[in-house]
Structures are given as structure tokens and as C-alpha cells.
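Here is the structure we will look at.
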Amino acid sequence: ESAEHRAAVRTRMAHILAEADRYSEAADAIEPLIDTETGPDARANIATDYLRYLMLAGRFREAALTGERLAFDESLGRHGPSVLYATWLAQRPLGDRERIMATEARFLAEYPDHALGADLRYTAALDAIAAGNIELARRLLEEVQFKYPDSSLNKRAREIRASLGAGHAP
């Protein structure tokens with residue numbers, strides 16, 4: 001039985017567990033594959049699935065730490081933005097603003113035109129609204145509108161920005 005076959009079986013088992021909402025078990029099933037020798041696409045898919053399962057299981061600290069480690073792995077290639085974005089998502093519930101801001105800055109510096117940048121900026125805008133920083137929210141929503149014109153969030157960003165411009169919360 002090849003390592004590739006064992007990885008495929010373990011990955012399928014993790015997906016089945018996840019489909020049954022058993023995310024923690026799915027993460028545990030797929031975790032041994034994170035550092036195994038697989039092709040870059042397979043490894044990136046395993047990494048993003050693992051991070052997603054951890055977050056769905058509420059294991060944010062583990063997801064954030066793993067994501068921070070994986071974010072420097074060049075073998076993830078074109079999947080690097082997804083891993084870095086997932087890391088940012090996992091860091092948010094932990095509340096470590098310094099780490100969150102560092103990951104956000106790194107994402108925007110390394111992948112300035114990546115579509116996930118719109119999600120990142122949109123979420124940051126909602127955070128700014130919740131914190132009462134309306135001016136920052138307007139700027140972030142404007143960035144979503146104009147820097148990411150093809151984003152599915154564009155219409156909602158425009159609507160919220162318009163409501164902020166009218167002087168009331170969305």
C-alpha cells in the first residue's frame with residue numbers, strides 16, 4: 001500500500017467525518033498528513049482542510065499556530081494565500097490584535113490583488129463599524145469596491161458605505 005493511497009484513504013475518512021459534523025475528529029484524522037511528502041496541490045488541500053476543520057471544531061489556537069507555521073512553507077505555492085487567510089481567520093477569535101494585524105499586513109503585502117483580500121478588508125470594515133471607527137470602515141469598504149471590483153462583496157460594501165455616508169449605522 002503506497003503512501004499516496006494511505007493519504008487518500010485518510011483524507012476521505014476526514015471528509016466523511018466532517019460531513020457528519022465531527023470536525024475535531026476530522027482534523028485529528030487528517031493532521032498526520034500535514035508534513036508528509038505529497039504533491040504541492042495535495043499538501044495545500046490537506047493543509048486548508050485541516051485548518052478549516054480545526055476552526056469548525058473551535059480549536060482556533062491550534063489552527064492559528066499551525067497556519068502561522070504553514071504560511072512560510074513555499075511548497076504550498078498558489079495555495080499560500082488560502083493558508084494565510086485561514087490563519088488570519090483563526091487568529092481573530094483569539095483576540096491577539098498584534099498577530100492579527102501582522103498576518104493581515106503580510107497577506108496584503110504578499111498578495112495585494114488576490115480575491116481573498118476583499119474578504120479580509122470587508123471583515124476588517126465590519127470590525128471597524130462595531131468598534132465605532134466609521135471613518136476607517138468607510139475607507140476599507142471603498143477599498144473593497146475599487147480594488148476588488150469583481151468581488152461578490154462589492155455590492156454589500158457599496159450599500160454599507162452608502163448607509164455610513166448617510167450618517168447612520170448599516
Side-chain angles (χ1 to χ4, degrees), residues 18-19 21 23-24 26-27 30-31 34 40-41 43-170:
E19 287 171 7
D21 296 333
Y23 302 113
S24 192
I30 206 169
E31 189 272 335
I34 292 291
D41 283 343
R43 184 155 189 269
N45 289 333
I46 289 166
T48 54
D49 285 348
Y50 179 61
L51 294 174
R52 185 174 71 249
Y53 299 154
L54 287 173
M55 287 187 285
L56 288 168
R59 293 163 58 182
F60 298 105
R61 182 164 311 285
E62 192 175 344
L65 293 173
T66 301
E68 288 169 8
R69 179 176 61 84
L70 291 172
F72 289 99
D73 186 337
E74 293 181 12
S75 74
L76 296 176
R78 65 185 175 87
H79 299 282
S82 297
V83 171
L84 195 55
Y85 180 74
T87 302
W88 179 77
L89 287 175
Q91 291 169 333
R92 294 172 47 74
L94 301 174
D96 185 340
R97 284 301 295 155
E98 191 172 308
R99 276 188 137 130
I100 296 165
M101 297 302 291
T103 302
E104 183 177 322
R106 179 172 172 210
F107 184 96
L108 294 171
E110 292 184 19
Y111 311 107
D113 299 320
H114 195 280
L116 287 173
D119 295 61
L120 193 143
R121 300 317 262 167
Y122 181 82
T123 303
L126 297 182
D127 289 348
I129 292 168
N133 192 341
I134 303 305
E135 207 45 53
L136 175 60
R138 281 188 188 110
R139 185 177 57 78
L140 293 168
L141 292 167
E142 181 177 1
E143 187 176 337
V144 170
Q145 280 185 261
F146 296 105
K147 188 168 185 176
Y148 307 98
D150 298 327
S151 170
S152 62
L153 295 171
N154 198 304
K155 180 181 177 198
R156 186 68 183 133
R158 184 174 54 252
E159 292 168 354
I160 294 172
R161 193 166 157 249
S163 72
L164 293 175
H168 61 279

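Computation of the quantities below employed the complete heavy-atom set of this structure, encompassing side-chain atoms and omitting hydrogens, waters and symmetry-equivalent molecules.
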Heavy-atom pair of closest approach, residues [X] and [Y]:
X      : Y      : value
Ser24  : Arg59  : OG-NH1, 2.7 Å
Ser82  : Leu116 : CA-CD1, 3.9 Å
Ser151 : Ala118 : OG-CB, 3.5 Å
Asn45  : His79  : OD1-CE1, 4.1 Å
Val83  : Gly67  : CG1-O, 4.2 Å
Ala47  : Ile34  : CA-CD1, 3.8 Å

> Where do Leu126 and Ile160 land on the side chain to side chain contact (heavy atoms under 4.5 Å, CB included) test, with the steps shown first?
Replying inline: CA-CA 9 Å; Leu126 297 182; Ile160 294 172; 4.0 Å; yes
For [X], all residues meeting side-chain contact (heavy atoms from CB on, under 4.5 Å), sequence neighbours excluded:
X      : value
Glu110 : Arg106
Arg78  : Asp41
Ala125 : Leu140, Leu141
Ala90  : Met55, Ala63, Ala64

Gap between atom [atom2] of [Y] and atom [atom1] of [X] - 0.5 Å precision:
X      : Y      : atom1 : atom2 : result
Asp119 : His114 : CG    : NE2   : 10.0 Å
Asn154 : Asp150 : CG    : CG    : 8.0 Å
Arg92  : Thr103 : CZ    : OG1   : 11.5 Å
Arg161 : Arg139 : CZ    : CZ    : 12.0 Å
Leu84  : Leu89  : CG    : CG    : 10.5 Å
Asp49  : Ile46  : CG    : CD1   : 8.0 Å

> Side chains of Arg69 and Leu65: does their closest heavy-atom pair fall under 4.5 Å?
Replying inline: no
>> Is there a side-chain contact between Arg158 and Val144 in this structure, where contact means two heavy atoms from C-beta onward sitting under 4.5 Å apart?
In response: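 No, too far: nothing below the 4.5 Å cut-off.
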>> We want to know whether Tyr23 and Asp21 form a side-chain donor-acceptor pair, criterion being a heavy-atom distance below 3.5 angstrom.
In response: yes
> Could you walk me through whether Arg61 and Leu94 pass the side chain to side chain contact (heavy atoms under 4.5 Å, CB included) check?
Replying inline: CA-CA 7 Å; Arg61 182 164 311 285; Leu94 301 174; 4.0 Å; yes
> Any ion pair linking Glu104 and Arg121 (charged N to carboxylate O, less than 4.0 Å)?
Replying inline: yes
>> Can you tell whether the side chains of Arg156 and Glu159 come within less than 4.0 Å, N to carboxylate O?
In response: yes
>> Test of understanding: with ring pair (Phe, Tyr, Trp, His ring centres under 6.0 Å), list the residues that count as partners of Tyr111, not counting sequence neighbours.
In response: Phe107
>> So, using ring pair (Phe, Tyr, Trp, His ring centres under 6.0 Å) as the criterion, who are the partners of Tyr85 when residues are at least two apart?
In response: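 Scan of Tyr85 (ring pair (Phe, Tyr, Trp, His ring centres under 6.0 Å), adjacent residues dropped) gives Trp88.
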